[in-house]
Amino acid sequence: MEKMLSLIVPVYNEEEVLPVSFEKMDAEMKKLGYPYEIIYVNDGSRDGSMKILRAIAAENPHVKVRSFSRNFGHQLAVTCGMDAAKGDALIIIDVDLQDPPEVIAEMVKAWENGADIAYGKRLKRKGETLFKKITAFAYYRVLDFMSGSAIPLDTGDFRLIDRKVADVFLKMREHNRFLRGMSGWMGFEAVPVEYVRNERYAGKTKYTLKKMLRLASDGIVNFSDRPLTLCGALGVFLMALTFLGLIALIVLACCRVSFPAWLWALCGGVFLQGAIFIALWVQGLYMNRMYDELKNRPLYIVAEELNMDE
Ligand code: UDP
Ligand code: MG
């Protein structure tokens, strides 16, 4: 049977970009030669986005729309689109044309050549503020350190995923979602497709600083226990340091060398602080286990089977 593609586009207050964005994306999808659907998820827009989507859907039966009752956030909008997608490959793209639709063809080529995931890797960002460029650069590096390189550098959610990857995604129902991290956790054969990130076609970013910080902390907390390890390491360091300090003070006292008495209090106090850090770390380890169980992810993911049918 012929394969089908699903394009998933989250939309939040994007009336300025929607008409042009649809035209460009639809034209690119048409060129690929597969049957396709475009799924717009309206993430509780309060402008005219939904009106435009209604008009587009009325004329184009291959355009599907799901509209949220309120703003749930980009990651949940994409998840909702993935839940509805029927395609053999799913492509996730921003509506604002920052992810160039021409790159979809390259992703599809990588998929035809056997890639399970083809993810967009940003070579450059055009037209974004210096603040965004610097914070993004720094954040991706911190995330890389914290997650032990499980998430490729400078990569957003612009990507193509094969049906078998999407099926695993659908089983992962955790509430705090960081899609690119979940994708890294799943494994599979992921191929980078390099591109230059465009300027936003029109309008302003819908990722407020608050939303960005939330996403950033989801990325770190959901995919790494390194913050915990750092807490434990600090405790061990403080205890070791003040233990040596206390020994030094005892030696000095035995040799009858005089020193201020508050040094005892300082070393003793910091020693106990170190013990508290270690206690927090141990508690954190238990909480982390609970969190893992709550996420209830699949225990393992089988990518291929040979001679396994009964
Ligand atoms: N978006 C969304 N819900 C939100 C914020 C953003 O669905 O709460 C969509 C938005 O319409 C766009 C994509 O997510 O298609 C990326 O948002 P934006 O371009 O504002 O982020 P930036 O590119 O500035 O990081
Ligand atoms: Mg954007």
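Indexing begins at 1, ligand by ligand and atom by atom, following the structure's order.
- The two residues I93 and P10 make their nearest non-hydrogen contact at O-CD, 3.2 Å.
- Contacts between K206 and ligand 1, counted as non-hydrogen atom pairs separated by less than 4.0 Å, involve both the backbone and the side chain.
- Salt bridge K204/D96: absent, no basic N to carboxylate O contact under 4.0 Å.
- Listed by first and then second residue, the ring pair (Phe, Tyr, Trp, His ring centres under 6.0 Å) pairs that reach into residues 233-284 are F259-W264, sequence neighbours excluded.
- In terms of protein heavy-atom proximity, atom 14 (O) of ligand 1 is nearest to H74 CD2, 3.1 Å.
- D162 approaches D88 most closely through the heavy-atom pair OD1-O, 3.5 Å.
- Counting non-hydrogen atoms of neighbouring residues, nucleotides and ligands closer than 6.0 angstrom, the CZ atom of R214 reaches no more than 12 such neighbours.
- As a member of the Ile/Leu/Val/Met/Phe/Trp/Tyr network built from side-chain separations under 4.5 Å, Y12 groups with nothing else and remains a singleton.
- In this structure, K121 does not pair ionically with E194, as no charged nitrogen and carboxylate oxygen lie closer than 4.0 Å.
- Using a non-hydrogen distance threshold of 4.0 Å, K211 registers as a contact of ligand 1.
- If you count the protein N, O or S atoms nearer to the Mg ion (ligand 2) than 2.8 Å, you get 2.
- At the shortest separation from atom 10 (C) of ligand 1 among protein heavy atoms lies E14 OE2, 3.2 Å.
- Backbone and side-chain nitrogen or oxygen atoms of K204 are examined, and none is located within less than 3.5 angstrom of a nitrogen or oxygen of ligand 1.
- The protein atom (non-hydrogen) at minimum distance from atom 19 (O) of ligand 1 is D96 OD2, 2.6 Å.
- A salt bridge does not link K86 with E37: every distance from a Lys NZ or Arg NE/NH1/NH2 to an Asp or Glu carboxylate oxygen is 4.0 Å or more.
- Pairing each heavy atom of E304 with each of L306, the nearest pair is OE2-CD2, 4.0 Å.
- Only the side chain of K132 comes within 4.0 Å of ligand 1, counting heavy atoms alone; its backbone N, CA, C and O stay farther away.
- Here the shortest heavy-atom pairing between I117 and G187 reads CD1-O, 3.8 Å.
- Ion pairing of R197 with D99 is present here, as a side-chain N (NZ or NE/NH1/NH2) and a carboxylate O approach within less than 4.0 Å.
- Under 4.0 Å from ligand 1, not a single heavy atom of N13 appears.
- Of all atoms in ligand 1, numbered sequentially from 1 with element shown, those under 4.0 Å from a heavy atom of R200 are 18 (P), 19 (O), 20 (O).
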Show the numbers, then the answer: is there a side chain to side chain contact (heavy atoms under 4.5 Å, CB included) between V9 and I38?
CA-CA 7 Å; V9 195; I38 302 183; 4.1 Å; yes
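- Distances between N or O atoms of G73 and those of ligand 1 include no value under 3.5 Å.
- Scanning the protein heavy atoms around atom 22 (P) of ligand 1, the nearest turns out to be T205 OG1, 3.7 Å.
- Protein heavy atom nearest atom 17 (O) of ligand 1, with residue, atom name and distance: Y207 CD1, 3.8 Å.
- Between the choices V41, V11, D43, N42, the shortest heavy-atom distance to atom 3 (N) of ligand 1 belongs to D43.
- Only the side chain of R197 comes within 4.0 Å of ligand 1, judged by heavy-atom distances.
- Among all protein heavy atoms, the one lying closest to atom 15 (O) of ligand 1 is P10 O, 2.8 Å.
- Ionic pairing of K31 and E102 is not present here: no N-O contact between side-chain nitrogen and carboxylate oxygen is shorter than 4.0 angstrom.
- For Y291, the OH atom counts as densely surrounded, since its 6.0 Å shell holds more than 12 non-hydrogen atoms of other residues, nucleotides or ligands.
- Under 4.0 Å is where a charged nitrogen must lie from a carboxylate oxygen, and between D167 and K171 no such pair does.
- Checked against a 3.5 angstrom limit, the closest N/O atoms of A77 and ligand 1 fall outside it.
- Annotation: atom 1 (N) of ligand 1 to nearest protein heavy atom, Y12 CB, 3.7 Å.
- Contact annotation for D94 and ligand 1: heavy atoms of both the backbone and the side chain come within less than 4.0 Å of the ligand.
- The protein heavy atom nearest to atom 23 (O) of ligand 1 is Q98 OE1, 2.6 Å.
- Residue N71 approaches ligand 1 through these ligand atoms, each under 4.0 Å from one of its heavy atoms: 3 (N), 4 (C), 8 (O).
- Sequence neighbours left out, the pairs with a member in residues 49-87 that pass ring pair (Phe, Tyr, Trp, His ring centres under 6.0 Å) are Y36-H62, F68-F72, H74-Y207.
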